[in-house]
2 protein chains.
Amino acid sequence: MAVDRKQLILEAAKKSFSLFGYKATTMDQVAKLANVGKGTIYTFFKSKEEILDEIVTSLIKDMKTEAEKAVDPNLSFEENIHRVLLRLLEFRKSHQLTIKLFQEEKELGTRAVSDVIQRVEKAVIDYMKGIIQEAVDRGEIKECNPEITAFVMLKTYIALIFDWEKQHPPIEKEEISKLFRLYFFEGLGK
Amino acid sequence: MAVDRKQLILEAAKKSFSLFGYKATTMDQVAKLANVGKGTIYTFFKSKEEILDEIVTSLIKDMKTEAEKAVDPNLSFEENIHRVLLRLLEFRKSHQLTIKLFQEEKELGTRAVSDVIQRVEKAVIDYMKGIIQEAVDRGEIKECNPEITAFVMLKTYIALIFDWEKQHPPIEKEEISKLFRLYFFEGLGK
DNA sequence: AAATGACCAAATGAACAAATTAGTCATTAC
DNA sequence: GTAATGACTAATTTGTTCATTTGGTCATTT
């Protein structure tokens, strides 16, 4: 079978988005990178935005795989959710595409990019929601609204990992784990 | 004694910053609003930014007063810190100046405004830090890093009040109080 | 039938002109 | 004499023009 042109286009676009961002990537560039006529792109995708959407859909799939690798059924819910969050935020921190996208959202506020980031966040929360619901069902943790809990946990991790570093030296993984246990599981109360 | 010109200028600037934002406020406008010559402004302040700084310094003082009013020594630390946070975020939510400033920081990214918001956040965290340290000393809550704890609590509240509302119906005050107790004091663990 | 790139209308941004602005300072008012 | 002023200026911002670039189409080629 000949080369999969759609795949070529997706890879070219992903590379270009990662390197230059969404807005700065031109369709001519993608066509050239993919070794394909520009028109060909439009036989597979109806717009530039649709390419980004498809790339992010597969990104979300990758993140899910990554998250699942972090889960170990022998460990407690507490340990698992911590590992999932760390792994996902590590992913976000180390993958060119996500870095560029978050940067573009903050600096340019490109709408298509905002939309797509929203989608990633929702996917993460949905995934965590599932894990939390299971833990509640298993009786491992107290009754709680899984969506709000997932939301608060994610925001807390982002605050500890991304926001804290803006003004202070980074907190060690081990330390974050301790903080997380203290705040969310044991509680500050005596 | 004649009218306090410096105060007139501060009030005019505050009004204009609240109405149009920092960047969109001109010194001519402030002078006109304050009924003084533009040159007079520069006998009290060395720049537009210094006016903003002074206004924010007094804003921080107001917030501190507001926060102190929320504290009731008969209540538990848990209840007090919750009341302080709610009161401060209520303040931020309902005061024209803070609304405009946060909006301008997000939309325009004006540097002087970013600096000043940073300062407000630091002041809030410092204040909370003190309350937390006291509670630790009193043995009311577990040993913890007061600064990180204050930081995480503030971020959590902002997430619950501002970020959650972007996508969901707002959470009731009473509900936020419950969530806060659950996550930070009792912990999810059984 | 699939792929292509010349083509087009719309969007962008470089370049320049005009207007506005923060801050100064010689003059004025008291 | 000194506190206040607003006309002035250098610098920045804004509006405008217009050539270039861009996303997307489609007649032609393979």
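Note on naming: letters A, B, ... go to the chains in the order of the sequence lines (proteins, then strands), and numbering restarts at 1 for each one.
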Name the closest nucleotide to the [X] side chain, picking from [options].
| X | options | value |
| --- | --- | --- |
| A:F44 | D:dG23, D:dT5, C:dA3 | C:dA3 |
| B:K48 | C:dA3, D:dA4, C:dG23 | C:dG23 |
| A:T26 | D:dG23, D:dA4, C:dA22 | D:dG23 |
| B:M27 | C:dT4, D:dT5, C:dA22 | C:dA22 |
| B:S47 | D:dA4, C:dG23, D:dG24 | C:dG23 |
| B:K38 | D:dG24, D:dA7, D:dA4 | D:dA7 |

As a test of understanding, state which of A:E79, A:E186, A:E78 forms a side-chain hydrogen bond (donor to acceptor under 3.5 Å, both in side chains) with A:R181. A:E78
Would you please indicate if the ring centroids of B:F162 and B:F102 are separated by under 6.0 Å? no
Nearest-Å distance for atom pair [atom1]/[atom2], residues [X] and [N]:
| X | N | atom1 | atom2 | result |
| --- | --- | --- | --- | --- |
| A:I41 | D:dG23 | CD1 | P | 9 Å |
| B:L52 | C:dA22 | CG | C1' | 15 Å |
| A:Y22 | C:dA11 | OH | P | 14 Å |
| A:K32 | D:dT22 | NZ | P | 11 Å |
| B:K23 | C:dT21 | NZ | P | 12 Å |
| B:D28 | D:dA7 | CG | C1' | 11 Å |
| A:I9 | D:dG23 | CD1 | P | 14 Å |
| B:Y42 | D:dA4 | OH | P | 16 Å |

Within 6.0 angstrom of B:K142 NZ, more than 12 heavy atoms from elsewhere: yes
B:T43 side chain N/O closer than 4.0 Å to the phosphate oxygens (OP1, OP2) of D:dA3? no
Kindly say if B:R5 contacts the phosphate of D:dA3, meaning a side-chain N or O under 4.0 Å from OP1 or OP2. no
Which comes earlier along DNA chain C counting from the 5' end, the contact point of A:N35 or that of B:A24, where each point is its nearest nucleotide? A:N35
Map A:T25 and A:G39 onto DNA chain D by nearest heavy atom, then report which one ends up closer to the 5' terminus. A:T25
Whether A:E54 and A:K6 form a salt bridge (side-chain N of Lys/Arg under 4.0 Å from carboxylate O of Asp/Glu) is what I want to check. yes
Run the salt-bridge test on B:D28 and B:K38 with the 4.0 Å N-O cut-off and return the result as yes or no. yes
